[in-house]
2 protein chains.
Amino acid sequence: MTSAKHPPSSALTSAPAPKPQAAARIQVIDRAAALLDTIARYPEPVSLKILGAETGLHASTAHRILASLIQNGLVERDPAGHYRLGLRLLQLGVRLRGDVDLRAIARPVMETLRDQLGESINLTIREGDEVVYIEKATPNRMIHVQQLIGARAPLHVTAVGKLMIGAGGAEAINAYAERTNLPAYTRNTLTDVAALREVCLRGIHEGYALDDEEAELDVGCIGVLLHDSTGRVAGGLSVSAPIERRQLAWIEDLRRAGQRISEQLG
Amino acid sequence: MTSAKHPPSSALTSAPAPKPQAAARIQVIDRAAALLDTIARYPEPVSLKILGAETGLHASTAHRILASLIQNGLVERDPAGHYRLGLRLLQLGVRLRGDVDLRAIARPVMETLRDQLGESINLTIREGDEVVYIEKATPNRMIHVQQLIGARAPLHVTAVGKLMIGAGGAEAINAYAERTNLPAYTRNTLTDVAALREVCLRGIHEGYALDDEEAELDVGCIGVLLHDSTGRVAGGLSVSAPIERRQLAWIEDLRRAGQRISEQLG
DNA sequence: GGAAAAGATTCCATAATGCGGAAAATTTGC
DNA sequence: GCAAATTTTCCGCATTATGGAATCTTTTCC
């Protein structure tokens, strides 16, 4: 049964590498989290063997921790005895942060925009030097851009990300570039600080930004920022499409949708 | 800032009580899970004090475990230092089980049906003696029934739940009644085995079931079952509305929508 | 504005807790 | 049918998490 799959490393959108932080570690919890991440990385239920190998845990140890996770509903087993994520995670996953407001408000606007443009609409927020996709509306057509909720991408390869960097001004852009070294994801990724600064600042000025196959080849985006009533950046709204379908005429629709959401944010 | 809220015990839809199972417990993980559940139970970020009190953990212990959860992205802190769920949970919450298929397939049909009927559409699966809400489509009107994803309800108080019991035949209904004792949630809840059996079996025969304010007063539902290609019950589809708005004419639309989803299930 | 209280955080000696080697049970492959 | 691979249980050991107390920080109230 266990089809010997590669560890499916979806380069861009997958989980960040394990952060070997020094402070405040609890061994069991780190291990449990590693197991959850590993299970999530596989599209199908995973065997104990694989989990042990991937996490470097002794079979016995992994088994014990998984048993406890099962008790708590965070993990389940399929009929074949393989491990998959538990339903309790659904309950937890939908209740986070104050973003529930943002998501609830954005959802209907996003659906309308999706029907208008016929392409995938994404809602993102910034976390550190990454954007996190927290909601999406996908059209009912064969080929469309599929972004996983919870996925991450570095700021400088996405449309809204560039606006988020730009919102901090020139110094913030330089600081970001220095911190991250602007890793390239495709041949179009901006890896030059000067070019990035130029693009970000113009984006802020114009009120929108593009992503021209900078995160993934063949995918193009248009993004705008969302602001709450205090003017703070609350997130970003973007449309993603196969590059040859993308139209700059969408900018106005997107901008209007973004404004509608921003107006409703307390 | 910390408004002294009651532990918001949303009777029906909240998390199940901690199951004191005997086997395979790991203390830290149980405690971590309890902390996550407690945080999820509060609509706003929670202070360490409250978390310690609710979980019965010493402040020092709770603090240490929370620090580790933060390291793993499962928990975050707001500017005031209060705890809320972490974004990593989003990533995990959307990747569970094979239900991704069901959800992906159902989503567009649900949205169409919602627009058609103008009411909330829910997608549920069975887990033990409960239904779990795994997807929803809510209309854009002021008053509509709001069901949280991940929430649970006992089978006998919901429309699809009654069909799920009925699918097992008369013996299954009796067994369910014996196990659970048919607790009442409103004055309309069926607490008599004979009445429940009658309703469930007729539901199976007719291909739909109703919920007449049996889970919550003023809320009425209509439910149908979803079957995969092998004929197994894959889940349930239902429409929920304020009882005075509910129309039996919806049954046909709902049934058709359910069939459309069932047909697409491998 | 200062003192007192409440809450959050760090420290550390202690033993309880989780660890993992190995063996038993179960499943899979040939 | 046996043999190999994998899962599960067991148990002595020391690593790991524990929680009381001390310290630091923030809030409250006079």
Side-chain angles (χ1 to χ4, degrees), chain A residues 1-7 18 20-36 38-39 42 44-72 74-86, chain B residues 1-7 18 20-36 38-39 42 44-72 74-86:
Chain A
M1 295 304 129
T2 308
S3 50
K5 287 198 152 48
H6 312 212
Q21 301 257 8
R25 312 221 58 94
I26 292 186
Q27 196 184 56
V28 209
I29 291 182
D30 289 349
R31 291 174 166 185
L35 286 168
L36 289 176
T38 305
I39 297 176
Y42 283 81
E44 293 173 40
V46 201
S47 73
L48 176 64
K49 184 75 187 306
I50 294 182
L51 288 175
E54 286 250 353
T55 57
L57 294 176
H58 191 270
S60 162
T61 306
H63 183 264
R64 184 164 21 83
I65 295 175
L66 287 166
S68 173
L69 290 173
I70 289 174
Q71 293 284 330
N72 289 289
L74 301 173
V75 167
E76 295 176 357
R77 308 194 69 171
D78 71 0
H82 294 176
Y83 297 90
R84 61 185 177 199
L85 296 177
Chain B
M1 296 303 126
T2 309
S3 49
K5 288 196 154 47
H6 311 211
Q21 302 257 11
R25 311 223 59 95
I26 292 186
Q27 195 184 59
V28 209
I29 291 182
D30 288 350
R31 291 175 167 184
L35 285 169
L36 289 175
T38 306
I39 296 175
Y42 284 81
E44 293 173 39
V46 201
S47 72
L48 176 65
K49 185 76 186 309
I50 294 181
L51 288 174
E54 285 248 356
T55 57
L57 294 176
H58 189 196
S60 164
T61 305
H63 182 264
R64 181 162 26 82
I65 295 176
L66 287 166
S68 173
L69 290 173
I70 289 173
Q71 294 283 328
N72 289 289
L74 301 173
V75 168
E76 296 177 355
R77 310 194 67 172
D78 70 0
H82 294 176
Y83 297 90
R84 60 184 178 198
L85 297 177

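A note on names: the letters A, B, ... follow the listed sequences, proteins ahead of strands, and every chain is numbered from 1.
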| message | For A:Ile70, give me all partners under side chain to side chain contact (heavy atoms under 4.5 Å, CB included), at least two apart in sequence or on another chain. | response | A:Val75, A:Arg77, A:Tyr83

| Contact letters for nucleotides 4-16 of chain D, in which S counts primed atoms plus P, OP1 and OP2 and B counts the base, heavy atoms under 4.0 Å | --SSBBB-----S

Nearest-Å distance for atom pair [atom1]/[atom2], residues [X] and [N]:
X       : N      : atom1 : atom2 : answer
B:Ile65 : C:dA8  : CD1   : C1'   : 16 Å
A:Gln71 : C:dG18 : CD    : P     : 13 Å
B:Asp30 : C:dT17 : CG    : P     : 12 Å
B:Ile29 : C:dT17 : CD1   : P     : 14 Å

Which distance, rounded to the nearest 0.5 Å, do you find between the [atom1] of [X] and the [atom2] of [Y]?
X       : Y       : atom1 : atom2 : result
A:Tyr42 : A:Leu51 : OH    : CG    : 8.0 Å
A:Leu66 : A:Leu36 : CG    : CG    : 8.5 Å
A:Ile29 : B:Leu74 : CD1   : CG    : 8.5 Å

| task | Would you check, one step at a time, whether the test side-chain contact (heavy atoms from CB on, under 4.5 Å) holds for B:Ile65 with B:Val28? | result | CA-CA 8 Å; B:Ile65 295 176; B:Val28 209; 4.3 Å; yes

| request: Just do the side-chain contact (heavy atoms from CB on, under 4.5 Å) check on B:Arg31 and B:Thr55 with the steps written out, would you? | output: CA-CA 8 Å; B:Arg31 291 175 167 184; B:Thr55 57; over 6 Å; no

| field | Test item: B:Val46 and B:His82 side chains (from C-beta on) under 4.5 Å apart, heavy atoms | value | no

| task | Using five base pairs at each end, measure the axis-to-axis angle across the helix from C:dG1-D:dC30 to C:dG29-D:dC2 and round it to 10 degrees. | result | 60°

| task | May I ask you to verify if any side-chain N or O of B:Thr61 is less than 4.0 angstrom from the OP1 or OP2 atom of D:dT18? | result | no

| task | Provide the closest heavy-atom pair for A:Gly86 versus A:Glu76 in the form atom of the first, atom of the second, distance. | result | CA-CG, 3.7 Å

